[in-house]
Amino acid sequence: MADSHDLTPQPIPTELHSDYEERPFRICTRCGETLCDFVEGYQIAKVFRRGEVVFEYALCAPCHTGLVDEFSDESRQTLEKFYHENITIGLGSEACAICRCGRADLAEPEFTLGAVCHGTELLESLMICGACAEKSGSFISKKTQEVFGDFINDNFPGVPADALPSPTPITYF
Ligand SMILES: [Zn+2]
Ligand SMILES: [Zn+2]
């Protein structure tokens with residue numbers, strides 16, 4: 001799905017900085033390595049609820065691949081198929097990549113931002129509204145939800161279970 005879209009690197013917007021650290025993400029949430037050192041780049045996910053960031057992470061390419069590898073084959077295929085058929089890449093972070101609803105027009109002020117970055121540059125970002133995230137979440141198996149839930153709980157103790165984002169849909173790695 002990334003093939004047909006030209007990537008134009010731009011500075012990472014403040015919105016995709018770490019809210020917790022109040023600066024751009026510097027290290028991988030999982031392994032603690034410096035993100036800028038990864039030639040393959042890294043992924044950022046942030047979940048917003050009524051203007052608050054309830055969850056955020058940055059994952060280096062190897063950690064992201066490792067996480068996805070732990071999903072069952074069935075879940076991975078189902079999810080990839082769902083994203084392939086439903087996601088529009090290139091809309092940026094202002095409209096839902098699935099239903100195309102603008103951020104200001106969402107029924108619930110709830111959405112996830114996903115981004116692929118390289119060094120200090122943003123390569124691609126997308127927004128998924130809460131309703132669509134819920135829908136895609138129902139496509140993944142219980143086992144995959146557990147794998148992802150374990151990852152979240154290991155790295156972010158205290159995150160409410162209902163604030164879990166879906167695994168990020170951008171698969172450039
Ligand atoms: Zn890592
Ligand atoms: Zn949507």
Side-chain angles (χ1 to χ4, degrees), residues 1-49 53-73 75-80 82-84 87 89-93 97 111-128 133 136-137 139-141 143-161 163-173:
M1 58 185 175
D3 317 332
S4 58
H5 181 63
D6 281 336
L7 299 175
T8 315
Q10 49 184 301
I12 299 172
T14 321
E15 188 172 60
L16 288 166
H17 289 182
S18 166
D19 241 54
Y20 180 69
E21 296 181 51
E22 295 181 331
R23 63 180 186 192
F25 286 99
R26 287 188 186 172
I27 57 167
C28 172
T29 303
R30 195 185 210 192
C31 69
E33 297 290 331
T34 307
L35 292 167
C36 287
D37 291 346
F38 290 93
V39 286
E40 310 97 315
Y42 56 97
Q43 296 219 2
I44 292 170
K46 289 181 76 169
V47 181
F48 292 79
R49 232 175 232 184
V53 177
V54 294
F55 179 77
E56 63 177 22
Y57 70 64
L59 278 186
C60 72
C63 282
H64 185 264
T65 308
L67 175 67
V68 172
D69 279 349
E70 286 177 40
F71 295 169
S72 71
D73 284 347
S75 290
R76 207 160 53 217
Q77 281 163 15
T78 316
L79 206 57
E80 273 171 14
F82 175 79
Y83 285 142
H84 186 73
I87 288 248
I89 290 285
L91 296 180
S93 57
F111 56 91
T112 300
L113 292 185
V116 178
C117 302
H118 188 264
T120 56
E121 288 181 329
L122 173 72
L123 297 184
E124 182 74 72
S125 65
L126 59 72
M127 187 264 271
I128 298 201
S136 62
F139 281 88
I140 61 178
S141 74
K143 182 173 175 294
T144 294
Q145 284 178 31
E146 280 168 13
V147 168
F148 197 65
D150 283 350
F151 167 75
I152 302 300
N153 288 326
D154 287 351
N155 291 286
F156 309 94
V159 171
L164 295 185
S166 297
T168 146
I170 318 179
T171 47
Y172 285 135
F173 302 146

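Numbering of residues begins at 1 and proceeds along the displayed sequence. What you are looking at is a predicted structure, and each value in this text was computed from that prediction instead of being measured. Computed over heavy atoms, backbone and side chain alike; hydrogens, waters and symmetry mates excluded.
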Can you name the side chain to side chain donor-acceptor pair (under 3.5 Å) partners of Glu21, sequence neighbours left out?
Arg23

Can you name the salt bridge (Lys or Arg N to Asp or Glu O under 4.0 Å) partners of Asp37, sequence neighbours left out?
none

Between Ser18 and Glu56, the two heavy atoms sitting closest are OG-OE2, 2.8 Å

In chain order, what residues pass the salt bridge (Lys or Arg N to Asp or Glu O under 4.0 Å) check against Glu70, with sequence neighbours excluded?
Arg30

Inter- and intrachain pairs under salt bridge (Lys or Arg N to Asp or Glu O under 4.0 Å), touching residues 9-18, at least two apart:
Glu15-Arg103

For Arg76 and Val68, work out which heavy atoms get closest and say how close.
NH1-O, 3.2 Å

Would you check if the side chain of Tyr42 reaches a backbone N or O of Gly119 as a donor-acceptor pair within less than 3.5 Å?
yes

Taking only residues two or more places apart in sequence, or in another chain, which ones meet Leu16 in a side chain to side chain contact (heavy atoms under 4.5 Å, CB included)?
Ile12, Pro13, Ile44, Leu113, Ala115, Leu122, Ser125

Residues in side chain to side chain donor-acceptor pair (under 3.5 Å) with Asp19, at least two apart?
Lys46

Apply side chain to side chain contact (heavy atoms under 4.5 Å, CB included) to Glu33 and list each qualifying residue two or more places apart in sequence or on a separate chain.
Cys31, Phe38

Looking at Met127 and Ser93, what are the two nearest heavy atoms and their distance?
CB-O, 3.4 Å

Results of salt bridge (Lys or Arg N to Asp or Glu O under 4.0 Å) for Glu121 - residues two or more places apart only
none

Would you say Leu126 and Leu91 make side-chain contact, with heavy atoms under 4.5 Å?
no

Roughly how far apart are Glu80 CD and Asp73 CG, rounded to 0.5 Å?
10.0 Å

Listed by chain and number, what are the salt bridge (Lys or Arg N to Asp or Glu O under 4.0 Å) partners of Asp154, not counting sequence neighbours?
none

Partner residues of Phe111 under the ring-ring contact (aromatic ring centres under 6.0 Å, His included) criterion, sequence neighbours left out
Phe48

If I take atom OG1 from residue Thr120 and atom CZ from residue Arg26, how far apart are they, to the nearest 0.5 angstrom?
12.0 Å

Would you say the side chain of Phe71 lies within less than 4.5 Å of the side chain of Phe148, judging by non-hydrogen atoms?
yes

Would you say that Phe25 contacts Leu35 through its side chain, given a criterion of any heavy-atom pair below 4.5 Å between the two side chains?
yes

Tell me every residue that passes side chain to side chain donor-acceptor pair (under 3.5 Å) with Asp69, counting only those two or more places apart in sequence or in another chain.
none

What residues form a side chain to side chain donor-acceptor pair (under 3.5 Å) with Ser75, not counting sequence neighbours?
Ser72, Ser141, Thr144

Atom pair CD/CG of Glu146 and Asn153 - distance to nearest 0.5 Å:
11.0 Å

Under 3.5 Å, side chain of Thr112 to main-chain N/O of Val47, donor-acceptor pair present?
no

